[in-house]
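Remember, predicted model here, so these are calculated numbers, not experimental data.
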Amino acid sequence: MRSSTKFAAMTAVVLAGTNPALAGTLEDVRAAGVLACGVSEGVPGFSNANSEGVWEGLDADVCRAVAAAVLGDAGAVRFVPLASKQKVLAVSSGQVDLTSRTTTWTMKRDGAEGVDFTAVVYYDGQGFMTSAEAGISSATELNGVTVCLTTGTTTELNVTDFARANNLNMEAVVFEGKREAVEAYVSGRCDALTTDSSQLAAFRTGFADPSAHIILPEVISKEPLAPLVAHGDNQWKDIVTWVVYGLIEAEELGVTQANVADMAANSGNPAVQRMLGNSGDTGGLVGLGSTWMVDVLSAVGNYGEIYERNLTATLGLERGLNAQWTAGGLLYAMPIR
C-alpha cells in the first residue's frame with residue numbers, strides 16, 4: 001500500500017472510532033448558551049443549594065469560572081445534581097459538559113471509564129467520624145464496628161485496605177447516596193461514618209450537636225479532587241484545566257476580584273499582563289477570548305478567595321495542603337505563557 005493511501009486508511013479508522021459528540025464541546029456550549037455542570041447532591045462548602053436554591057461552594061464556583069471564561073457569563077450554568085454512581089457516567093455519556101463534584105482522580109477512572117481529569121482543586125484524604133461518647137481516639141481502635149459509606153466511590157476499597165492492613169474487623173453498611181449514609185450514621189445505625197475528611201467536617205456542621213461527633217486523626221488515603229470531562233476532546237480539557245490553573249496563579253500573583261481591572265490596566269508584571277490578556281494571546285491558545293481570565297476573576301475571584309468564602313468561612317477548614325506552593329502547600333499552577 002502506498003504511504004499516502006495507508007495514511008488515509010489509518011485516518012479513516014481513527015475517525016470512525018471517534019465519538020463526534022465529544023469533538024466540539026466548546027462549540028456546543030456556546031451554541032447552547034449555557035454550561036451543564038455536574039455537582040453533588042449537597043455537600044456544604046463544595047456544592048450545595050442554599051435556601052433560595054442558589055448553588056454555593058468551591059465546586060460550584062469552578063463551574064461558574066468555566067462559564068465566565070467560555071461564555072463571558074458566570075451565571076450561565078445549569079447545575080445538575082449527581083449521585084456518586086452517576087458522576088463519571090454523566091460526563092462520559094454527554095449528560096453534562098463537565099463534572100465539578102468532589103471526585104477523586106484515580107487511574108481506573110482516568111484510564112478506563114471514558115473521562116479525563118483536568119487539574120486538582122482540592123487535596124483531600126479519607127477519614128472517619130464517630131460519636132465522642134464512644135471514647136475512640138484513633139481509627140486503629142475501630143475493631144468490630146459498623147461503618148456507613150457510599151457506593152460508587154473510592155471509599156469502600158480504602159476501608160477494606162485499611163482494615164486489612166491494621167487487622168481490623170469492620171462491617172461496611174453501604175448506601176447509594178451520601179445523604180442516606182450520613183442520616184444512617186446520625187440515627188445510630190452505624191458506629192462510624194467514613195468519607196473524605198473535608199466532607200466529614202461539612203456534614204458535621206449540620207448536626208444538631210456537632211461537638212458530639214469527632215473526626216479521628218488518621219487520614220487513610222490520598223484523595224486528589226479534580227473536575228473531569230469526557231475523553232476525546234482535548235481542547236475542552238485544556239480549557240477547564242487552564243481555568244483552574246488561572247485561579248491558582250492569580251492568587252500567587254496577587255490578582256483579586258477587587259483589583260483585577262486595575263491590575264489589567266496598570267500592572268507592570270509581565271506574568272500578570274499575559275494572564276489578563278494585555279500581551280500575547282493566552283486565551284487564543286485554547287479558543288477563548290483575550291479577556292478570559294479578567295472575566296473569570298471578575299466573577300468569582302482567585303482560588304484563595306473561593307477557598308476563604310466557601311471552606312474557611314463556612315467550615316473552618318485551614319488551607320493545609322491546599323495552600324500555595326510558596327506557603328508550604330501543594331498548589332502549583334503551570335505557567336500561563
Side-chain angles (χ1 to χ4, degrees), residues 14 17-26 28-29 35-40 43 46-47 58-60 62-63 65-66 69-70 80 82-126 149-162 178 194-199 219-248 286-287 303 321-322 325 329-334:
V14 171
T18 301
N19 184 345
L22 304 182
T25 309
L26 174 61
D28 292 343
V29 171
L35 174 75
C37 196
V39 290
S40 74
V43 177
F46 288 90
S47 53
L58 183 152
D59 288 334
V62 169
C63 297
V66 174
V70 172
V80 182
L82 301 172
S84 294
K85 65 180 181 180
Q86 299 172 313
K87 59 189 178 184
V88 175
L89 180 60
V91 175
S92 63
S93 66
Q95 179 186 348
V96 296
D97 302 310
L98 75 145
T99 287
S100 179
R101 185 209 180 282
T102 56
T103 304
T104 302
W105 187 340
T106 68
M107 182 178 183
K108 180 181 178 182
R109 287 171 174 163
D110 196 39
E113 296 189 1
V115 297
D116 288 327
F117 286 83
T118 54
V120 175
V121 297
Y122 192 88
Y123 291 94
D124 211 342
Q126 186 173 328
L149 53 85
T150 310
T151 189
T153 69
T154 56
T155 307
E156 192 167 5
L157 177 61
N158 291 338
V159 168
T160 301
D161 289 348
F162 180 76
K178 199 151 289 181
T194 186
T195 186
D196 295 349
S197 296
S198 63
Q199 293 184 48
V219 176
I220 69 169
S221 69
K222 294 185 294 184
E223 305 295 331
L225 309 180
L228 55 147
V229 298
H231 180 74
D233 189 337
N234 291 340
Q235 182 187 34
W236 185 242
K237 177 186 176 183
D238 288 345
I239 287 171
V240 178
T241 299
W242 285 101
V243 166
V244 174
Y245 284 149
L247 295 171
I248 296 170
V286 291
Y303 179 90
L321 294 177
N322 297 290
W325 66 283
L330 297 179
L331 287 193
Y332 185 108
M334 302 303 108

Decide yes or no for [X] and [Y]: does some side-chain heavy atom of the first lie under 4.5 Å from some side-chain heavy atom of the second?
{"X": "R109", "Y": "T104", "result": "yes"}
{"X": "N322", "Y": "L330", "result": "no"}
{"X": "L225", "Y": "W105", "result": "no"}
{"X": "D233", "Y": "Q235", "result": "yes"}
{"X": "L82", "Y": "V39", "result": "no"}
{"X": "I239", "Y": "L26", "result": "yes"}
{"X": "V80", "Y": "C37", "result": "no"}

Does A83 offer a backbone N or O that forms a donor-acceptor pair with the side chain of Q86 under 3.5 Å?
yes
When you measure from the side chain of R101 to the backbone of D59, do you find a donor-acceptor pair of N or O atoms at a distance under 3.5 Å? no
What distance do [X] atom [atom1] and [Y] atom [atom2] have between them, rounded to the nearest 0.5 Å?
{"X": "F162", "Y": "L157", "atom1": "CZ", "atom2": "CG", "result": "14.0 Å"}
{"X": "L331", "Y": "L321", "atom1": "CG", "atom2": "CG", "result": "9.0 Å"}
{"X": "E156", "Y": "T151", "atom1": "CD", "atom2": "OG1", "result": "6.0 Å"}

Among residues at least two apart in sequence or on other chains, which ones pass ring pair (Phe, Tyr, Trp, His ring centres under 6.0 Å) with [X]?
{"X": "Y303", "result": "none"}
{"X": "Y123", "result": "none"}
{"X": "W236", "result": "none"}

Non-neighbouring partners of [X] that pass side chain to side chain donor-acceptor pair (under 3.5 Å), sequence neighbours left out:
{"X": "T150", "answer": "none"}
{"X": "S40", "answer": "S47"}
{"X": "T103", "answer": "none"}
{"X": "T155", "answer": "T153"}

Salt bridge (charged side-chain N to carboxylate O under 4.0 Å, His left out) filter on D161, not counting sequence neighbours, yields R164
Name every donor-acceptor pair, under 3.5 Å, that has one atom in a side chain of residues 111-121 and the other anywhere in the protein, sequence neighbours excluded.
{"unit_1": "D116", "atom_1": "OD1", "unit_2": "H231", "atom_2": "ND1", "d": "3.0"}
{"unit_1": "D116", "atom_1": "OD2", "unit_2": "H231", "atom_2": "ND1", "d": "3.1"}
{"unit_1": "T118", "atom_1": "OG1", "unit_2": "P227", "atom_2": "O", "d": "2.8"}

May I have the step-by-step check of side-chain contact (heavy atoms from CB on, under 4.5 Å) for V219 and S197, ending in yes or no? CA-CA 8 Å; V219 176; S197 296; 4.2 Å; yes
side-chain contact (heavy atoms from CB on, under 4.5 Å) assessment of V29 paired with T25
CA-CA 6 Å; V29 171; T25 309; 4.1 Å; yes
Residues pairing under salt bridge (charged side-chain N to carboxylate O under 4.0 Å, His left out) where one sits in residues 85-97, two or more places apart or in two chains, turn out to be K85-E176
Sorted by chain and residue number, the side chain to side chain contact (heavy atoms under 4.5 Å, CB included) partners of S221 (sequence neighbours excluded) come out as Q126, N158, E223
